[in-house]
Number of protein chains: 2
Amino acid sequence: MHDLDQMPGHLIRRLQQIAVAVFHAEVEAVGFDMTPVQFAALVRVSENPGIDQITLAGLIAYDRTTIAGVVDRLVQKGFLSRAVSEKDRRAKVLHMTDTGNEALTRLRPAVDKAQDVMLSGLDRQEAEDFMRLLHKATEAVNGLSRAPLRSASKAAEKT
Amino acid sequence: MHDLDQMPGHLIRRLQQIAVAVFHAEVEAVGFDMTPVQFAALVRVSENPGIDQITLAGLIAYDRTTIAGVVDRLVQKGFLSRAVSEKDRRAKVLHMTDTGNEALTRLRPAVDKAQDVMLSGLDRQEAEDFMRLLHKATEAVNGLSRAPLRSASKAAEKT
DNA sequence: TTAAAATTGACAGCATGCTGATTATCAGTA
DNA sequence: TACTGATAATCAGCATGCTGTCAATTTTAA
């Protein structure tokens, strides 16, 4: 199996590359400048107000050294607020701002559309199969990266 | 569809992240320090001796501003040689070195193994289906990124 | 209670990928 | 031939992601 085009890793990289481009295009069309990673972080914070950075990273499988920069940019855009936790002075807790909630509302349709575009080459049944296999493949090897996906378990809700 | 875990873009990013980690692990196990992108470039140069950087970029869907750095590192490792083309003084043509060919031979088994690990959560039939859908989905949206895949057409064979 | 271990966050440094600009060269045409 | 446009490569700058290290703080254990 020495044909590059038949290697899963090569095809996955390519699809990810296209997915990011599609995301940017759709999001820009509604007047925002946001990356897929920033969007995912925003969604998770809105679902878990008061979450700390490490727990957030686990929820989306980001490396802990990556999450800081992502949050930085969201704070700078005025979408998130960041404050030292009262319960653990090492931790910083995150909350949505009004601007952030507004942005999320306006972004969702664009992001949904981007998902459709990514899979536009597949019919309904194929897309469903593909998603199922993606899920299954990903779960089986979740622990193999430095930043595994972690369940929310103790996702916060306080300042 | 507002569940992040059901969004193709999110799952694709995750699988790509894992795929890279698996690749690194397998390649390191045989004593090399090489990225998936560097490996793909090496394979394509070995298949197309004397290729220029732009054509190489098209064969693997890299952005033209990314390929330079990738080639730089392969040249520095002694795996590739780079020289100004005699036919077009703008272009730089690439050739494998003996070291590069040796490395490729030793890397292939590790890379093959990495592909298996990536899809270890799927059985034979599922893996086959997944690859078919990956191919189909990718081809349909190939043109949507700045760096689309381009066929070899005029891949070179001279200095 | 004090020492060791774990945790949170940050930093430097490297490697993709992208946007946008610039330089050098080549090709086609007026 | 001289001008125009296209092309190959590079560069600056930004945003993921990673490795590895460090400081501050909390938790656990001796």
Side-chain angles (χ1 to χ4, degrees), chain A residues 9 13-14 16-25 27-28 33-41 51-58 60-74 76-77 82-94 144-148 150 154 156, chain B residues 9 13-14 16-25 28 33-41 51-58 60-77 82-94 144-148 150 154 156:
Chain A
R13 185 197 69 88
R14 180 66 185 131
Q16 151 74 0
Q17 181 183 37
I18 294 167
V20 171
V22 168
F23 185 98
H24 273 125
V27 155
E28 194 176 69
D33 173 26
M34 174 162 291
T35 68
V37 165
Q38 289 170 16
F39 176 78
I51 197 174
D52 67 292
Q53 294 188 182
I54 288 281
T55 309
L56 172 61
I60 340 188
Y62 293 0
D63 192 89
R64 70 181 193 288
T65 61
T66 303
I67 196 72
V70 174
V71 169
D72 271 351
R73 283 163 221 122
L74 289 171
Q76 211 199 342
K77 287 177 182 175
R82 177 169 44 182
V84 172
S85 167
E86 296 178 357
K87 310 178 61 177
D88 184 341
R89 303 225 312 274
R90 291 170 305 181
K92 301 204 177 161
V93 292
L94 307 172
L144 300 186
S145 75
R146 166 162 147 166
R150 269 181 266 265
K154 39 143 195 186
Chain B
R13 183 196 70 88
R14 180 67 186 129
Q16 151 73 1
Q17 181 184 35
I18 294 167
V20 171
V22 168
F23 184 98
H24 274 125
E28 194 175 70
D33 172 27
M34 174 162 291
T35 67
V37 164
Q38 289 170 14
F39 176 79
I51 196 174
D52 67 292
Q53 294 188 183
I54 287 283
T55 308
L56 172 60
I60 339 187
Y62 293 0
D63 192 88
R64 70 182 192 287
T65 61
T66 303
I67 196 72
V70 175
V71 169
D72 271 350
R73 283 162 221 123
L74 288 171
V75 168
Q76 209 197 344
K77 287 176 182 176
R82 177 169 43 183
V84 172
S85 168
E86 296 178 357
K87 310 178 60 177
D88 182 344
R89 301 223 314 274
R90 292 170 303 181
K92 302 202 176 161
V93 292
L94 306 173
L144 299 187
S145 75
R146 166 162 147 169
R150 269 181 267 265
K154 37 138 195 190

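Quick note: numbers below take in every heavy atom, side chains included, and nothing from hydrogens, waters or symmetry partners. Chain letters run A, B, ... following the sequence lines, proteins first and then strands; every chain starts at 1. This is a predicted model, so every value here is computed, not measured.
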Go through C:dA10, D:dG17, C:dC26 for me and flag the one nearest to the A:K92 side chain. C:dA10
Classify the nucleic acid contact of A:V70 as base, sugar-phosphate or nothing, counting any heavy atom under 4.0 Å across all strands shown. sugar-phosphate
Taking CG from B:D52 and P from D:dA6, how many angstroms apart are they, rounded to a whole number? 19 Å
Is a side-chain donor or acceptor of A:Q17 paired with a backbone partner of B:A61 at a separation under 3.5 angstrom? yes
Which of these, A:V37, A:I60, A:T35, A:L56, sits in a side chain to side chain contact (heavy atoms under 4.5 Å, CB included) with A:V70? A:V37
side-chain contact (heavy atoms from CB on, under 4.5 Å) between B:M34 and B:R73, worked out: CA-CA 10 Å; B:M34 174 162 291; B:R73 283 162 221 123; over 6 Å; no
Measure all distances between protein nitrogen or oxygen atoms and nitrogen or oxygen atoms of nucleotides 21-24 of chain C, and list the pairs falling under 3.5 Å.
{"residue": "C:dA21", "atom": "N6", "partner": "B:R64", "partner atom": "NH2", "Å": "3.0"}

Rounding to a whole Å, what distance do you find between B:D63:CG and C:dG20:P? 12 Å
Could you check whether A:A21 gets within reach of a base, just the sugar-phosphate, or nothing at all, counting any heavy atom under 4.0 Å? nothing
Give the rounded distance in Å between these two atoms: CD of B:Q38 and C1' of C:dG17. 14 Å
Distance, rounded to the nearest Å, where B:R82 contributes CZ and D:dA8 contributes C1': 12 Å
Any side-chain N or O of A:K87 less than 4.0 Å from the OP1 or OP2 oxygen of D:dT26? no
To the nearest angstrom, how far is A:I18 atom CD1 from C:dG17 atom P? 12 Å
For DNA chain C, whose closest nucleotide is more 5', that of B:T66 or that of A:D88? A:D88
Whole-Å distance, B:D72 CG to C:dT16 C1', equals 13 Å
Starting at the 5' end of DNA chain D and moving along, which residue's nearest nucleotide shows up first, A:K77 or B:A91? B:A91
Between CD of B:Q16 and P of C:dA15 the distance, given in whole Å, is 17 Å
What is the distance from CD1 of A:I54 to C1' of C:dG9, rounded to the nearest Å? 7 Å
State, without any angle test, whether A:D88 and A:S85 hold a side-chain donor-acceptor pair at a distance under 3.5 Å. no
Does A:Q53 make a side-chain N or O approach to OP1 or OP2 of C:dA10 shorter than 4.0 Å? yes
Mind checking if B:T35 touches a base, just sugar-phosphate, or nothing, with heavy atoms under 4.0 Å? sugar-phosphate
Check the pair B:V20, A:Q16 against side-chain contact (heavy atoms from CB on, under 4.5 Å), reporting the backbone distance first and the verdict last. CA-CA 12 Å; B:V20 171; A:Q16 151 74 0; over 6 Å; no
What do the steps show when you test A:R13 against B:Y62 for side-chain contact (heavy atoms from CB on, under 4.5 Å), and what is the final call? CA-CA 10 Å; A:R13 185 197 69 88; B:Y62 293 0; 3.3 Å; yes
Would A:R82 and A:D72 count as a side-chain contact (heavy atoms from CB on, under 4.5 Å) here? Give the steps. CA-CA 9 Å; A:R82 177 169 44 182; A:D72 271 351; 2.5 Å; yes
Taking only N and O in the side chain of B:Q17, is any of them less than 4.0 Å away from OP1 or OP2 of D:dC18? yes
